[in-house]
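Here is how names work: the chains are called A, B, and so on, in the same order as the sequence lines, proteins then strands, and each is numbered from 1. What you are looking at is a predicted structure, and each value in this text was computed from that prediction instead of being measured.
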Protein chains: 2
Amino acid sequence: MQHFCYITFIQGADINISKLGDCNGLDVVIGSFCIYLAIKKSKTAGVGWVWVKKSNLYGVSGWYPMKTIKESFVGISMTNTSPLMAPTRAKEVALSTNPIAVGVPAGDNHFLLDMATTAVALGKIEVQRRKDEDIPEGWAQNVEGVSTTGPEKACCFMPLGGAKWNSGYKGYALASVVDILTGVMAGANYSTKIRKWNSLGCNEQADLGQMFVAINPNCFDPDFETNMCDLNNRLRNSKPVFTECSLIYCTFASTTTKRMPMLDLSRKF
Amino acid sequence: MQHFCYITFIQGADINISKLGDCNGLDVVIGSFCIYLAIKKSKTAGVGWVWVKKSNLYGVSGWYPMKTIKESFVGISMTNTSPLMAPTRAKEVALSTNPIAVGVPAGDNHFLLDMATTAVALGKIEVQRRKDEDIPEGWAQNVEGVSTTGPEKACCFMPLGGAKWNSGYKGYALASVVDILTGVMAGANYSTKIRKWNSLGCNEQADLGQMFVAINPNCFDPDFETNMCDLNNRLRNSKPVFTECSLIYCTFASTTTKRMPMLDLSRKF
């Protein structure tokens, strides 16, 4: 992998869409360039949309929409990566955790979503393994393709929703959409074309596809941020089931000196 | 509700984004206009993005990306609507089923997703009620905000993923994203500002927000459809867990004379 690269515009930079290619560059360097390019384009065109191919894993997905929020723009970012998820009713992997990140400016308490389209990502299964505790049904499959509660037996992820009766096919479909909007759209690798984790093919290029969007919401409604704050409050002020623990809301702290609020998993679900 | 309306462009039609407003028109009439406008814009700009406010429920979400597929373009459509879903840990509704529809051209066997961001939509609960059978955990809540297996006790939907331990907060977050990208972005109603089903306020305008996107994938990769067919095949050819029933895949028939494939709910999950 080259740590520095020359980025070639293969789609005109004078319109609102761009595609960068043939970089094989360091993840976050390419990603940063792309999100700032999307922001720049959205300042004139209302929406800026940038795809990149031949990229690598780009770190924390939510980092990119956080950059658009700083400019009071809405941001969307997605990437594909090495297969880890089994499609509904399949016993082998064909898609990855394929994350979706969305950031929306809202006063001093913005909306930030950064989620895998699998039921959970690897860390949560690892936590259960180290605590020597079971995982819930619907997080992972064993080698036979059957949902398992044993973290040691988990060999691939299930999609968001888990098994079919809980609409896991929707998580599988969302992961497919991410693969299409990133890998296929950018002309990069996708699905099982991407090298697997821990494979012997470590000299293969990842050639991931990534998508970065910035939208200027003030083009459409000058009251956008006021209404976003109002939406925040409507969701936060829903009557809770448990008075002893707070509602969940996608958010992050108002200043960069504060950490993002952590989920306290020891509390009542 | 006016069945015919005059549509005013309040954002210039000479760039790739548009917003239509003050219609209060018949759902599918407005939606059709918007998706064709998005297609028209994508032909010159690569991406066409149209928002509409003061609209009404627009029928089958998947209908709109099916129009983009006919032009060999990728299509995305979303709408918000009256609150039916309780946020994770809340006992009252604050978001709707907020559907996401995505269509992608792929030879003669295209990709079509049309999904609610709730675990299931109303029809599936109604089927169980008529069959006098329980619903699975994670589909719906009772009046106390607790997951129920009794279809008669279901009073609001749970998000995709169900309860918190199965990542239901991701479905809740996705529904929030749809509400933001439709209602808040268009300057329409959102969340609990939208009139409730069966409320007495039947003379209130719905004022829903909707989003229509068309993307010309050939701008980026001339092999797009070939690669989409390849992705289809990779997902379809995953090794199945159950040999007696087929894998699930988002798709629709190649000709309009064929019905979309139906899910056979009597078969093994």
Quiz item: Under a 4.5 Å heavy-atom cut-off, does chain B meet the side chain of A/A116, its backbone, both or neither?
Solution: both
Quiz prompt | Per-residue contact mode, A/V184 against chain B (heavy atom under 4.5 angstrom) | solution = both
Self-check item: Heavy-atom pair of closest approach, residues A/L231 and B/S191
Solution: CD1-CB, 3.4 Å
Self-check item: Under the salt bridge (Lys or Arg N to Asp or Glu O under 4.0 Å) test, residues paired with B/D114 that sit two or more places apart
Solution: none
Quiz item: Of all residues at least two apart in sequence or in a different chain, which pass the ring-ring contact (aromatic ring centres under 6.0 Å, His included) check with A/F212?
Solution: A/Y58, A/Y64
Quiz item: Is chain A contacted by the side chain of B/P217, its backbone, both, or neither, given a heavy-atom distance below 4.5 Å?
Solution: both
Practice problem: Mind ranking A/D223, A/T192, A/V102 by heavy-atom pairs under 4.5 Å with chain B and telling me who comes out on top? | Solution: A/T192
Self-check item: Proximal component of B/V143, with respect to chain A [non-hydrogen, under 4.5 Å]
Solution: neither
Quiz item: Where on B/E144 is there a heavy atom nearer than 4.5 Å to chain A: the side chain, the backbone, both, or neither?
Solution: backbone
Quiz item: Taking all atoms of both residues into account, what is the closest heavy-atom pair of B/P240 and A/K91, and its distance?
Solution: O-CE, 3.5 Å
Exercise. Could you check which of A/A119, A/P222, A/P87 has the highest count of heavy-atom pairs closer than 4.5 Å to chain B?
Key: A/A119
Quiz item: Nearest heavy-atom pair of A/S167 and B/L160: which atoms, and what distance?
Solution: O-CD1, 3.6 Å
Quiz prompt | Toward chain A, the part of B/I135 with a non-hydrogen atom under 4.5 Å | solution = neither
Quiz item: Considering only heavy atoms, which portion of B/N237 lies under 4.5 Å from any heavy atom of chain A: side chain, backbone, both, or neither?
Solution: backbone
Quiz prompt | Nearest-0.5 Å distance that lies between atom CG in A/L113 and atom OH in B/Y169 | solution = 11.0 Å
Self-check item: B/L174 side chain reached by A/L174 side chain, heavy atoms, under 4.5 Å
Solution: yes
Practice problem: Under 4.5 Å heavy-atom distance to chain A, tell me which part of B/V74 shows up: side chain, backbone, both or neither. | Solution: side chain
Quiz item: Is there a donor-acceptor pair closer than 3.5 Å between any side-chain N or O of B/K170 and the backbone N or O of A/M115?
Solution: no
Quiz prompt | For B/L235 against A/S176, the heavy-atom pair lying closest together | solution = CD1-OG, 3.9 Å
Exercise. Examine whether an atom of B/N227 lies under 4.5 Å from a heavy atom of chain A, and if so say whether it belongs to the side chain, the backbone or both; otherwise answer neither.
Key: both
Exercise. Please determine, among A/V120, A/T117, A/D230, the option with the most heavy-atom pairs under 4.5 Å with chain B.
Key: A/D230
Quiz prompt | Nearest atoms (heavy-atom pairs only) where A/M228 meets B/I180 | solution = SD-CG1, 3.6 Å
Self-check item: Interchain contact, A/L95 with chain B, by part (heavy-atom threshold 4.5 Å)
Solution: side chain
Quiz item: Which atom names give the shortest non-hydrogen contact between A/E92 and B/K239, and what distance separates them?
Solution: OE2-N, 2.9 Å
Quiz prompt | Pairwise distance CD1(B/I215) to CH2(A/W49) - rounded to 0.5 angstrom | solution = 3.5 Å
